[in-house]
Amino acid sequence: RYSKLRSSAIGRGVTSAHYFSSTKLSGRNNTQILCSPLQGADSANTLRIASCLSNIHGSSRFSPASFSMAAGNTTEDTSNEKKYEFKAETRQLLDIVTHSLYTDREVFLRELVSNASDACEKLRHLQAANALAANNNEDDVPLEIRITTNEKDQTLTISDTGIGFTKNEMIQNLGTIAASGSKAFVQALKARPEEDTAGITAASQGIIGKFGVGFYSAFMVGDSVHVQSRSAIESGEQPQLWTSTGEGTYNVTELPAETEQPRGSSVIIHLKDEFSEYANENRIKSLLTKYSNFVNFPIYLNDVRMNTVEAVWAMEPNLVSDETHEKFYKFIAKAYDTPLTHLHFRADAPLEVKALFYVPSFHSEKHGMGRMQPGVSLYCRKVLIESSSPDILPDWLRFVKGVVDSEDLPLSISREKAQDASLIRKLRRVLTRKLISHFATMARKDPETYKFEFFKEYGYFLKEGICNDFEFQDQLSKLLYFETSKTMNEELSSFDEYVSRCKPDQKEIYYLCAPSREIALESPYLEAFEKSDREVIFVYTGIDEFVMTNLSKFQDRAIVSAEKSDLDILSKKDDEIAEDKAADSSKHAGVLNEIESKEFCEWFKLTMKEKVHKVKVTNRLGNSPAIITDHESGALRQMMRMVDTSQQGAQGQSIPKQTVEVNPAHPIIYGLNEIRKSQPALAEACAAQIFDNCLVAAGLLDDGRSMLPRLNELLLSVLKGAAAEVKDDKNVPETVKSES
């Protein structure tokens, strides 16, 4: 019967999975069937299946009645359905909010100052909209925030001259966790059919709070909290006093007549003994400077104005002077230098942001001060959310200082971190592109400053970005500058400039790694490029070579090391000239012919069999006897030795067997071939020295001291030969000398 029902369902295009799923019951070996709510004929079929299963399994669990209950809204009787609200243990919830929500206790001051700023912003809007009672005689009281410390009584007071609370508002807002009065105020503004949309927008943008939990952060550091308040709206109501110890209950009463409370609210925190530091003026001053320095309203600490620096990033970019930028940079970067450049802009995608970036005139990493922390801080409505945020810019831009502020930024409930990771990634891409574009504009419009100040100081970070941030490799590669074989000393050239000077038939970009320009110009690897009149980029550090390896291409041109074998750099004409010269020279002494060259290569390979796996003749050399090709990077090898922790030194990084290319027209190779049979010991020493010379040219010789014994032997052989020539010269008769 069940099979027929199943076949019937499948015949209507419905699989058995639409009807039920089966899971093993804990501790039993039978199957539980759960039906999904079905309508109409499917509901009837569900009951029929239930009857079948009840007969098969002999269990009331599969009775039609039980399936009717499981189907829920498929039954006609829905009168038993009720909607219930979640309940919360108030004391436990308050404990979570006050002790587990924030990672750092010091943010309580940021939260309370933000609340005070919201109170002032609400009143400012009502005053601008003439929404207050005409008999209100406190309109001339300035909107401000005052903080008072009392180390003797161990209290901290945060007062504002804002909108204040009535008794009902105290109960509704302070007595209800996660009830945000600021959020409700903004929603009420937006719901009003007023023509002053600009005023509503300005007020909503000035409001900071949204979660309704910041006030309770006071209990992180306080034994008890007292809130005194006089409402600006209900000016005739007596000031109210709200008190609580944060243990689940609170009291509201009229403020005693002898206690003065002007318009607005005062939050008085009676600090716990272990947090008495927050009654210290200097401690509070540092926190105000860190978190709330750019709040819209004046903040006074013990009657001294704190927030004297304006939020420059919120100003119109074209209205900010260079002097203002310099002062603001020195403040946020805690620096004393003048920034090289700045980028001030606004963007509305992926969300509305205001950003202000500065590039210092120098960085500290080169002075051995350790790795720098990210230099850009994240703000929301001028209140610090995350100092030195690692998420706003990639790590290779850590030298940039500045501020990113967004009114629409999705925040965690503690307001210590941006919440939407995908949105932050999109924002990060936008900001990174803006900075790269700014650097490119700087290089185009002010090349001298870019090359000799910015790139000289921060080129390392751009190269780090190429190696780590593949998304922006192409854009960053256009910002790199190098010396080349055709530039004058210290003159720099970009990849674009290099390509513009290439011959039409050149399809590759060549580079050579050397410790300095002088050594690069003397390198045997450069000889072939000088013959063919091709330009070579000089790189001097391991990271430069790593950059070239990571890039691999620029504008469809392969980036190739000059130390690579089989480079197609000599034109056909050059090859023909070289072949004719070799053929002509082979007829005379001093050049190995084809047979001699082949025999010499075999002998050299056999002699150096522990270090060489291939030897061949090349025409790319002129003044050098031999080179090695297709070898590992000497600069990268040195880097690996620096980070090697095995304590094995050079023994832990043995050099693999190499490919040697010899110049058959060089006097050393020709002379070595002449003595390899007559003086085998000397010939072997010379072969070993030639190989070590190749390693030196390639930057692969780990320790030159290994050559000293052999060099001494070669010097001794030279001196013996020279002494023998002198002796023979003395024995020659004067008449022979004169005839000669």
Side-chain angles (χ1 to χ4, degrees), residues 87-116 118-119 145-160 162 164-182 209 211-231 237-261 264-280 283-284 287 291 413-416:
K87 294 183 179 180
E89 176 58 49
T90 305
R91 177 177 294 184
Q92 179 68 12
L93 180 59
L94 184 59
D95 184 80
I96 291 172
V97 170
T98 57
H99 295 102
S100 303
L101 187 60
Y102 299 94
T103 58
D104 199 335
R105 295 180 187 275
E106 67 181 24
V107 299
F108 84 93
L109 186 63
R110 180 197 70 180
E111 299 295 279
L112 296 179
V113 170
S114 298
N115 288 347
D118 284 351
I145 302 167
R146 291 187 174 271
I147 300 174
T148 306
T149 59
N150 188 327
E151 291 190 78
K152 181 180 178 181
D153 296 337
Q154 210 164 289
T155 62
L156 176 66
T157 303
I158 299 98
S159 302
D160 66 72
F165 289 107
T166 63
K167 180 178 181 179
N168 289 335
E169 288 170 342
M170 274 191 169
I171 295 172
Q172 180 180 356
N173 294 322
L174 302 184
T176 307
I177 300 173
S180 174
S182 296
F211 297 117
V213 296
F215 167 74
Y216 306 100
S217 64
F219 291 107
M220 290 194 297
V221 297
D223 279 324
S224 64
V225 177
H226 296 185
V227 180
Q228 302 171 182
S229 187
R230 178 191 292 273
S231 174
E237 184 178 282
Q238 288 295 315
Q240 300 294 313
L241 174 63
W242 183 97
T243 60
S244 177
T245 58
E247 296 180 351
T249 61
Y250 63 91
N251 298 319
V252 179
T253 184
E254 288 187 2
L255 191 68
E258 63 271 16
T259 304
E260 182 182 355
Q261 175 60 45
S265 302
S266 297
V267 179
I268 306 167
I269 306 173
H270 295 266
L271 297 166
K272 300 174 183 178
D273 291 338
E274 60 268 33
F275 302 119
S276 59
E277 62 179 294
Y278 296 113
N280 180 270
R283 180 74 168 110
I284 296 301
L287 295 180
Y291 290 106
I413 194 170
S414 64
R415 299 202 307 147
E416 294 176 298

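- Separating the CG atom in Asp104 from the OH atom in Tyr291 is a distance of 5.0 Å, to the nearest 0.5 Å.
- With hydrogens and angles ignored, the 3.5 Å screen pairs a side-chain donor or acceptor of Tyr216 with a backbone N or O of Leu174.
- Contact record, Val225 with Phe219: CG2-CE2, 3.6 Å, taken as the closest heavy-atom pair.
- Each salt bridge (charged side-chain N to carboxylate O under 4.0 Å, His left out) pair with one or both residues in residues 267-277, not counting sequence neighbours, appears once here: Glu277-Arg283.
- In this structure, Gly214 and Asn115 approach most closely via the heavy-atom pair C-ND2, 4.2 Å.
- Across every non-hydrogen atom of Glu169 and Gly164, the tightest pair is OE1-O, 3.8 Å.
- Smallest separation of non-hydrogen atoms from Val221 and Ile269: CG2-CG2, 4.4 Å.
- A distance of 5.0 Å separates CG of Leu287 from CD of Glu106, quoted to the nearest 0.5 Å.
- Of all the heavy atoms in Met220 and Val107, the pair that sits closest is CE-CG2, 4.5 Å.
- Annotation: the span from Asp160 atom CG to Asp118 atom CG amounts to 10.0 Å, rounded to 0.5 Å.
- Shown here for Gln261 and Ser266, the closest heavy-atom pair between the two residues is OE1-OG, 3.3 Å.
- Not one N or O on the side chain of Asp153 forms a donor-acceptor pair closer than 3.5 Å with the backbone of Thr155.
- Between the CG atom in Leu109 and the CD1 atom in Ile147 there is a gap of 5.0 Å [rounded to 0.5 Å].
- A ring pair (Phe, Tyr, Trp, His ring centres under 6.0 Å) with Phe108 is found for one member of Tyr102, Tyr278, Phe275, Phe215 and no other, namely Tyr278.
- Note that CZ of Phe165 and CD of Gln172 are 10.0 Å apart. Values are rounded to the nearest 0.5 Å.
- We find the OG-CE distance between Ser265 and Met170 to be 6.0 Å, quoted to the nearest 0.5 Å.
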Under 3.5 Å, sequence neighbours excluded: what are the donor-acceptor pairs made by side chains of residues 239-254?
residue	atom	partner	partner atom	Å
Gln240	NE2	Gln238	O	2.9
Ser244	OG	Gly246	N	3.0
Ser244	OG	Thr249	O	2.8

